[in-house]
Visitor: 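Would you mind keeping the following structure in view while I ask a few things?
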Amino acid sequence: MFPNILGISSYTFFAALGFASFILVFILSLDIKLKVGKNELLGAVVIMILAMGLGLLFAWILDGLFKIPDRGGLVLWQRTNAGLQLTGITWYGMLIGSLSSLALLHYLANLIFVKKKGKPLLENNRRTYLNTAAPSMALAHFWGRIGCFAAGCCYGVVSNFLGVVYPNRTHGAYPRFAVQLVEAGILLAIFLVLMLVKNKKVQDNRLFIYLGVYAVARFVLEFFRDDFRGGLFAFMGLSPAQFVSICLIIFVVCMLILDNAGKRQKNMVIKEEDS
């Protein structure tokens, strides 16, 4: 819709806005909610930035893997009139790569600091940091989908309902369902719930709420998209994102079941000790 903003590509503009909002909300959450010290706050932010960088690398590779059947091999860049360009990234790749990297870097940082200084750099456990980062992830994701709409990628099926015609009829002369804006609205709602609801169960499961709700929404919204997303799972009648959504839903359900089982066992032990 708006290819360029302030002289740069609209997607780059909103991606940068998403990154900035992520860091800002994450820092405020660490400072206000966790009340961590300066060293831990700085360490957590540096680790998060490194994790996002590794997540971006994973997202790039995952997009190439998704499209192997269509390209005849793993293609990670292509030559254009403007020079070499990366072939693309996937949000799921960014998300999974960043979360995995954050958990690993948290472990390594504490291991190094305990050996050198006798105490961990990050006193809170990994789950606490992941729950703290979850609202920031949803907000950054929101800006990313706004960027998709502005850039004209990830477009929807032909529809008069919430339909938009892209400039120069980039995606045809008929209006297309603004699926990017619907997804952005869902992500903004997730962000507000995770930030404003003070219920302890919600606060303790913010990461699982974000992952689970988004995975369900993404699975459904994939039916209303009409852009090319790769044919890796086409034999199953699914898009790559739908397959990942199913895996993510199963993961979240299993983690919640294990978490509840662990809490019940812990309560039983406490009751036995009290008796």
Side-chain angles (χ1 to χ4, degrees), residues 5-6 8 10-56 59 91-92 94-110 113 119-148 150 181 183-215 217 252 255 259:
I5 297 177
L6 300 178
I8 60 176
S10 54
Y11 188 82
T12 300
F13 175 84
F14 283 107
L17 187 58
F19 177 78
S21 64
F22 175 89
I23 295 300
L24 177 60
V25 174
F26 185 57
I27 290 175
L28 290 175
S29 298
L30 290 174
D31 188 36
I32 297 172
K33 292 189 176 182
L34 292 187
K35 295 182 172 61
V36 301
K38 290 183 178 179
N39 289 337
E40 185 170 358
L41 190 150
L42 179 61
V45 171
V46 170
I47 286 175
M48 181 59 75
I49 293 174
L50 290 174
M52 292 175 70
L54 292 172
L56 190 62
W91 172 259
Y92 266 145
M94 179 74 176
L95 181 66
I96 295 170
S98 296
L99 292 178
S100 302
S101 299
L102 176 61
L104 177 62
L105 291 172
H106 179 282
Y107 170 77
L108 292 176
N110 276 354
F113 267 74
K119 62 178 183 178
L121 171 66
L122 308 173
E123 296 182 1
N124 292 283
N125 59 40
R126 288 188 293 274
R127 179 165 177 174
T128 299
Y129 281 106
L130 291 171
N131 277 327
T132 303
S136 306
M137 295 177 196
L139 182 60
H141 199 171
F142 160 78
W143 286 117
R145 279 307 180 214
I146 296 296
C148 289
L181 297 184
E183 187 172 325
I186 292 171
L187 288 163
L188 183 60
I190 294 173
F191 166 72
L192 293 174
V193 168
L194 297 183
M195 286 296 291
L196 300 178
V197 175
K198 303 302 181 183
N199 181 277
K200 190 176 187 303
K201 286 187 177 181
V202 172
Q203 294 291 303
D204 291 344
N205 293 285
R206 281 178 290 181
L207 178 65
F208 294 149
I209 292 171
Y210 165 52
L211 295 179
V213 173
Y214 176 70
V252 169
M255 291 302 295
D259 190 45

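Any value given below was found using the heavy atoms of this structure, including those in side chains, with hydrogens, waters and symmetry copies removed. Predicted, not measured: the structure shown is a model, and the values here were computed from it.
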Visitor: Which is it for L207 and L99 under the side chain to side chain contact (heavy atoms under 4.5 Å, CB included) test, yes or no, and what are the steps along the way?
Guide: CA-CA 10 Å; L207 178 65; L99 292 178; 4.2 Å; yes
Visitor: How about T128 and N125: does a side-chain donor come under 3.5 Å of a side-chain acceptor?
Guide: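 Side-chain D/A pair, T128 to N125: present.
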Visitor: Look only at the side chain of N110 and the backbone of L121, and say whether a donor-acceptor pair between them is shorter than 3.5 Å.
Guide: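 Such a contact is found between N110 side chain and L121 backbone.
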Visitor: Output all residues satisfying ring-ring contact (aromatic ring centres under 6.0 Å, His included) with Y92, sequence neighbours left out; order by chain, then residue number.
Guide: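 For Y92, the residues satisfying ring-ring contact (aromatic ring centres under 6.0 Å, His included) (neighbours in sequence not counted) are Y214.
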Visitor: To the nearest 0.5 Å, what is the distance between CG (L181) and CG (L188)?
Guide: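 Spacing of CG (L181) from CG (L188) equals 12.0 Å.
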Visitor: Hey, is the main chain of F208 close enough, under 3.5 Å, to the side chain of N205 for a donor-acceptor pair?
Guide: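 Absent.
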Visitor: Less than 3.5 Å apart, any donor N or O on the side chain of E40 or N124 sitting next to an acceptor on the other?
Guide: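 On atom types as modelled, these side chains qualify, holding a pair under 3.5 Å.
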Visitor: How long is the straight-line distance from OG of S136 back to CZ of F191, given to the nearest 0.5 Å?
Guide: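 Between F191 CZ and S136 OG, I get 7.5 Å after rounding to 0.5 Å.
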Visitor: Of all heavy-atom pairs between R126 and A103, which one has the smallest distance, and what is that distance?
Guide: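 Where R126 meets A103 most closely, the heavy atoms are CD-O, 3.1 Å.
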Visitor: Search all heavy atoms of Q203 against all heavy atoms of K198 and return the closest pair with its distance.
Guide: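 It is CG-O, 3.9 Å.
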Visitor: State the CG-OG distance between L54 and S98, to the nearest 0.5 angstrom.
Guide: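 Output value for this atom pair is 8.0 Å.
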Visitor: Please name the pair of heavy atoms, one in E123 and one in Y129, separated by the smallest distance, quoted to 0.1 Å.
Guide: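 Taking every non-hydrogen atom into account, N-OH, 4.3 Å.
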Visitor: Please tell me if the side chains of I146 and L17 come closer than 4.5 Å, counting only heavy atoms from C-beta onward.
Guide: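 When only atoms from C-beta onward are counted, L17 and I146 do not touch, as no gap falls below 4.5 Å.
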Visitor: To the nearest 0.5 Å, tell me how far K201 NZ sits from I209 CD1.
Guide: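 The CD1 atom of I209 is 11.0 Å from NZ of K201, to the nearest 0.5 Å.
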Visitor: On a heavy-atom basis, which atom in A133 and which in F22 lie closest, and how many Å separate them?
Guide: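 Reported closest heavy-atom pair: O-CE1, 4.0 Å.
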Visitor: Kindly indicate whether the side chain of D31, heavy atoms from C-beta on, has any atom under 4.5 Å from the side chain of L41.
Guide: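 A side-chain contact exists here, since the closest heavy-atom pair is under 4.5 Å.
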Visitor: Determine, stepwise, if the pair L95 / L211 fulfils side chain to side chain contact (heavy atoms under 4.5 Å, CB included).
Guide: CA-CA 9 Å; L95 181 66; L211 295 179; 3.5 Å; yes
Visitor: Between Y210 and L187, is a side chain to side chain contact (heavy atoms under 4.5 Å, CB included) present by the stated rule, with each step listed?
Guide: CA-CA 8 Å; Y210 165 52; L187 288 163; 4.0 Å; yes
Visitor: Quick one, L194 and N131 - any side-chain contact, counting heavy atoms below 4.5 Å?
Guide: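 The answer is no, as the side chains (C-beta and beyond) never meet within the 4.5 Å cut-off.
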Visitor: How long is the gap from OG on S29 to CZ on R206, to the nearest 0.5 Å?
Guide: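 Between S29 OG and R206 CZ, I get 6.5 Å after rounding to 0.5 Å.
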Visitor: Is any NZ, NE, NH1 or NH2 atom of the basic residue among R127 and D259 found under 4.0 Å from an Asp or Glu carboxylate oxygen of the other?
Guide: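 Salt bridge between R127 and D259, a charged N being under 4.0 Å from a carboxylate O: yes.
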Visitor: To the closest 0.5 Å, what do you measure between CG (L139) and CG (L24)?
Guide: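 Going from CG on L139 over to CG on L24, the span is 9.0 Å.
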Visitor: Could you check if a side-chain atom of F19 sits within less than 4.5 angstrom of a side-chain atom of M52, using non-hydrogen atoms only?
Guide: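 They are in contact (side-chain heavy atoms under 4.5 Å apart), so the answer is yes.
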Visitor: Please find the pair of heavy atoms, one from G97 and one from S101, that lie closest to each other, and give the distance.
Guide: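 Smallest heavy-atom distance, with atoms named: O-OG, 2.7 Å.
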Visitor: Donor-acceptor check, side chain of K35 to backbone of I32, threshold 3.5 angstrom: yes or no?
Guide: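 Side chain of K35 to backbone of I32: a pair is present.
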Visitor: Are T132 and L34 side-chain neighbours, meaning at least one heavy-atom pair lies under 4.5 Å?
Guide: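 They are in side-chain contact.
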Visitor: Considering non-hydrogen atoms only, spot the tightest contact between M195 and P135 and give its length.
Guide: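 Closest approach of M195 to P135: SD-CB, 3.5 Å.
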